[in-house]
Chemist: 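Dropping a structure here in structure tokens format, bear with me for questions.
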Amino acid sequence: MSTETLPNAAAAATAAHAALESALDAVAALLRGKRTAVLTGAGVSTDSGIPDYRGKGAPVRTPMNFQTFVGDERARKRYWAGSHLGWRRFREAEPNLGHRSLARLEQSGAISGVITQNVDGLHTRAGSRHVVDLHGSMDLVVCLDCGQAFGRDSIAARLEASNPALLVQESVRSAPDGDAEVTDVDGFTVPGCTVCGGMLKPNVVFFGELVPTVKFTEATALVSGAEALVIAGSSLFVNSGIRLLEQARRRKLPIVVINRGETKGDGRALIKLEAGTSESLAGLAVRLG
């Protein structure tokens, strides 16, 4: 390393910090006094140790889809084994600075609520009160036959009682939807509904499954009542996010996108911050909260 490298790196870091501060000043000026809705994606939870689907270094994977889950017993067993191990990792995760900053912004009245594509429950744990879990939440399990809902802890206890090997799985690669990579599922037992014996499924939206109407209606209402929209940590590759973005665009709301890397909303944003969500949301909380 040359003697000039360290000063040059320090100068570049100082310039990048100054540019971010200036951009955050512009965003705060744009949002100040406006009812603002926030849409978040997996990028908000990466600083809590939960990986992103499409961020740099994210492994290529095919998430479970609804048709495979209900139609393929072995795939369902693999999913439940992986989902359980992923759930254990989710439970160990803690809200990060970005989650806490959004809770602070809501408490101060700077934002009206959060619509999240995440299923980790970290916004609620951070203290946000008005949260629309657009794709569901991993802390609930539902019966596809009778509709009975169960707390995830009770299903986890049944899974571990029936499958003791789950307790000794140490090397697990988790995913944003709470799944994890598991291949050995021979002899794995999947619990059924204790009410009707039907098929149980984590209360999350799989690929090939529609967002529940009531959830999308809640999200639409939040955007309809807003005067600005902030999108944080989402590449907007999922249709539900694009639909909410388009709703805001048609109403000519100012749109701010905060994300490292390209998103489908970049061309429709008034301001795009190419920055981490934790530092950016914390900066907005200082300015607006």
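Treat the numbers as computed from the prediction; the structure is a model and nothing was measured.
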Chemist: Could you go step by step and tell me if T40 and L102 meet the side-chain contact (heavy atoms from CB on, under 4.5 Å) rule?
Modeler: CA-CA 10 Å; T40 68; L102 286 171; 3.9 Å; yes
Chemist: If we ignore hydrogens and angles and just use 3.5 Å, is the side chain of S162 paired with the main-chain N or O of L159 as donor and acceptor?
Modeler: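 Not at all, since once roles are kept as given, no pair shorter than 3.5 Å links the two residues.
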Chemist: Check the pair K264 / L245 against side-chain contact (heavy atoms from CB on, under 4.5 Å), numbers first and verdict last.
Modeler: CA-CA 10 Å; K264 285 192 171 183; L245 168 67; over 6 Å; no
Chemist: Taking all non-hydrogen atoms of both residues, which atom of S280 and which atom of A275 are closest, and how far apart?
Modeler: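 Looks like OG-CB, 3.5 Å.
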Chemist: Under 3.5 Å, is there a donor-acceptor pair between the side chain of R35 and the main chain of G225?
Modeler: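 Flag set: sc R35 to bb G225 pair under 3.5 Å.
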Chemist: Quick one: does S112's side chain get under 4.5 Å of L222's, heavy atoms only?
Modeler: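 Yes; the side chains approach each other to less than 4.5 Å.
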Chemist: Should we say atom CZ of R129 is surrounded by more than 12 heavy atoms from elsewhere, each under 6.0 Å from it?
Modeler: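 No, not enclosed.
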Chemist: Does a salt bridge link K215 with E209, judged by any charged N lying under 4.0 Å from a carboxylate O?
Modeler: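 Between E209 and K215 there is no salt bridge, as every charged N stays at least 4.0 Å from the carboxylate O atoms.
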Chemist: Would you please test Q247 and R243 for side-chain contact (heavy atoms from CB on, under 4.5 Å) and show each step?
Modeler: CA-CA 6 Å; Q247 180 184 335; R243 288 170 65 191; over 6 Å; no
Chemist: Going by heavy atoms in the side chains, are H84 and R88 under 4.5 Å from each other?
Modeler: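 When only atoms from C-beta onward are counted, R88 and H84 do touch, with a gap below 4.5 Å.
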Chemist: Within the 4.5 Å heavy-atom criterion, are V70 and M199 side-chain neighbours or not?
Modeler: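 Yes, close enough: below the 4.5 Å cut-off.
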Chemist: Looking at every heavy atom in both G187 and N163, which two are closest together, and how far apart are they?
Modeler: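 Shortest heavy-atom contact: O-OD1, 4.2 Å.
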Chemist: Over all heavy atoms of both residues, which pair between L24 and G283 is shortest? Give the atoms and the distance, please.
Modeler: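 In this case the closest contact between L24 and G283 is CD1-CA, 4.0 Å.
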Chemist: Run the side-chain contact (heavy atoms from CB on, under 4.5 Å) test on V119 and F90 for me, step by step, so that the C-alpha distance in whole Å, both residues' side-chain angles and the decisive distance to 0.1 Å come before the verdict.
Modeler: CA-CA 9 Å; V119 297; F90 266 39; 4.0 Å; yes
Chemist: Measure the spacing between CG of L244 and CZ of F216 and express it to the nearest 0.5 Å.
Modeler: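 One finds 4.5 Å between CG of L244 and CZ of F216.
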Chemist: Please report the interatomic distance CD(E279) to CG(D47), rounded to the nearest 0.5 Å.
Modeler: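 Separation between the atoms: 8.5 Å.
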Chemist: Within the side chain of N118, is there an N or O that forms a donor-acceptor pair under 3.5 Å with the backbone of D120?
Modeler: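 No; zero donor-acceptor contacts below 3.5 Å.
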Chemist: Students often mix this up, so state it plainly: with edges at 30° and 60°, are the rings of F206 and Y79 parallel, tilted or perpendicular?
Modeler: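 F206 and Y79: perpendicular rings.
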Chemist: Return the CE to CG distance between M138 and D133, rounded to the nearest 0.5 Å.
Modeler: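 So the gap between those two atoms works out to 12.5 Å.
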Chemist: Any donor and acceptor pair, going by atom type alone, linking the side chain of R125 with main-chain N or O of E94 inside 3.5 Å?
Modeler: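 Here the side-chain-to-backbone pair does not exist.
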Chemist: Is any side-chain heavy atom of F66 less than 4.5 Å from a side-chain heavy atom of V205?
Modeler: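 Answer no - side chains too far apart.
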Chemist: Going hydrophobic residue to hydrophobic residue with side-chain gaps under 4.5 angstrom, can you get from L270 over to V230?
Modeler: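 Per the 4.5 Å side-chain linkage, L270 and V230 are co-clustered.
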Chemist: Any link between W87 and M64 through a network of hydrophobic side chains (Ile, Leu, Val, Met, Phe, Trp, Tyr) touching at under 4.5 Å?
Modeler: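 As far as the 4.5 Å side-chain criterion goes, M64 and W87 are connected within one cluster.
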Chemist: At their closest point, which heavy atom of E106 faces which heavy atom of S128, and how far apart are they?
Modeler: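 Closest heavy-atom pair between E106 and S128: OE1-CA, 3.2 Å.
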Chemist: Does the pair R287/E21 count as a salt bridge with the N-to-O cut at 4.0 Å?
Modeler: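 Between E21 and R287 there is a salt bridge, with a charged N closer than 4.0 Å to a carboxylate O.
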Chemist: Are L284 and V44 connected, step by step, through hydrophobic side chains (Ile, Leu, Val, Met, Phe, Trp, Tyr) whose heavy atoms are closer than 4.5 Å?
Modeler: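 As far as the 4.5 Å side-chain criterion goes, V44 and L284 are not connected within one cluster.
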Chemist: Are more than 12 heavy atoms, taken from residues, nucleotides or ligands other than H17, located less than 6.0 Å from that residue's NE2 atom?
Modeler: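 Not buried by this count: 12 neighbours or fewer within 6.0 Å.
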Chemist: Indicate if V190 and V204 have the same hydrophobic cluster label, given that clusters are the connected sets of ILVMFWY residues with side-chain heavy-atom separations under 4.5 angstrom.
Modeler: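 In one cluster: yes.
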Chemist: Quick check: do F69 and W80 have side-chain heavy atoms less than 4.5 Å from each other?
Modeler: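 The answer is yes, as the side chains (C-beta and beyond) meet within the 4.5 Å cut-off.
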Chemist: Is there a side-chain contact between V256 and T36, using heavy atoms and a 4.5 Å cut-off?
Modeler: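 SC-SC contact between V256 and T36 ruled out.
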Chemist: Rounded to the nearest 0.5 Å, what's the gap from CD1 on I50 to OG on S45? Could you check?
Modeler: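 Rounded to the nearest 0.5 Å, the CD1-OG separation comes out at 5.0 Å.
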Chemist: Quick check on E262: does its CD atom have over 12 non-hydrogen neighbours (other residues, nucleotides or ligands) under 6.0 Å away?
Modeler: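 Not more than 12 within 6.0 Å, no.
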Chemist: Mind checking whether V142 and L134 sit in one hydrophobic cluster, side chains of I, L, V, M, F, W, Y counted as touching below 4.5 Å?
Modeler: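 Hydrophobic grouping puts V142 apart from L134.
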Chemist: Please name the pair of heavy atoms, one in A93 and one in S48, separated by the smallest distance, quoted to 0.1 Å.
Modeler: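 So the two residues come closest at CB-O, 3.7 Å.
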Chemist: Heavy atoms, side chains only, cut-off 4.5 Å: are R89 and E92 in contact?
Modeler: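 When only atoms from C-beta onward are counted, E92 and R89 do touch, with a gap below 4.5 Å.
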Chemist: Tell me, with the steps shown, if S83 and R152 meet side-chain hydrogen bond (donor to acceptor under 3.5 Å, both in side chains).
Modeler: CA-CA 11 Å; S83 179; R152 186 61 181 260; 2.8 Å; yes
Chemist: Atom CD1 in I231, atom OG1 in T277: separation rounded to 0.5 Å?
Modeler: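 Those atoms lie 13.5 Å apart.
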Chemist: Drop me the distance from D153's CG to R91's CZ, to the nearest 0.5 angstrom.
Modeler: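 Spacing of CG (D153) from CZ (R91) equals 4.0 Å.
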Chemist: With a 4.5 Å limit on heavy-atom distance, are the side chains of I155 and L200 in contact?
Modeler: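 I155 vs L200: side chains touch.
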Chemist: Are S240 and H135 linked by a side-chain donor-acceptor pair shorter than 3.5 Å?
Modeler: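 S240 vs H135: donor-acceptor pair found between side chains.
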Chemist: Does a salt bridge link R249 with E246, judged by any charged N lying under 4.0 Å from a carboxylate O?
Modeler: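 Yes.
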Chemist: Under a plain distance cut-off of 3.5 Å, with no hydrogens placed, do D25 and S22 share a side-chain donor-acceptor pair?
Modeler: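 No - no donor-acceptor pair under 3.5 Å links their side chains.
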Chemist: For residues V257 and A269, report the shortest heavy-atom separation together with the two atoms involved.
Modeler: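 In this case the closest contact between V257 and A269 is CG2-CB, 3.7 Å.
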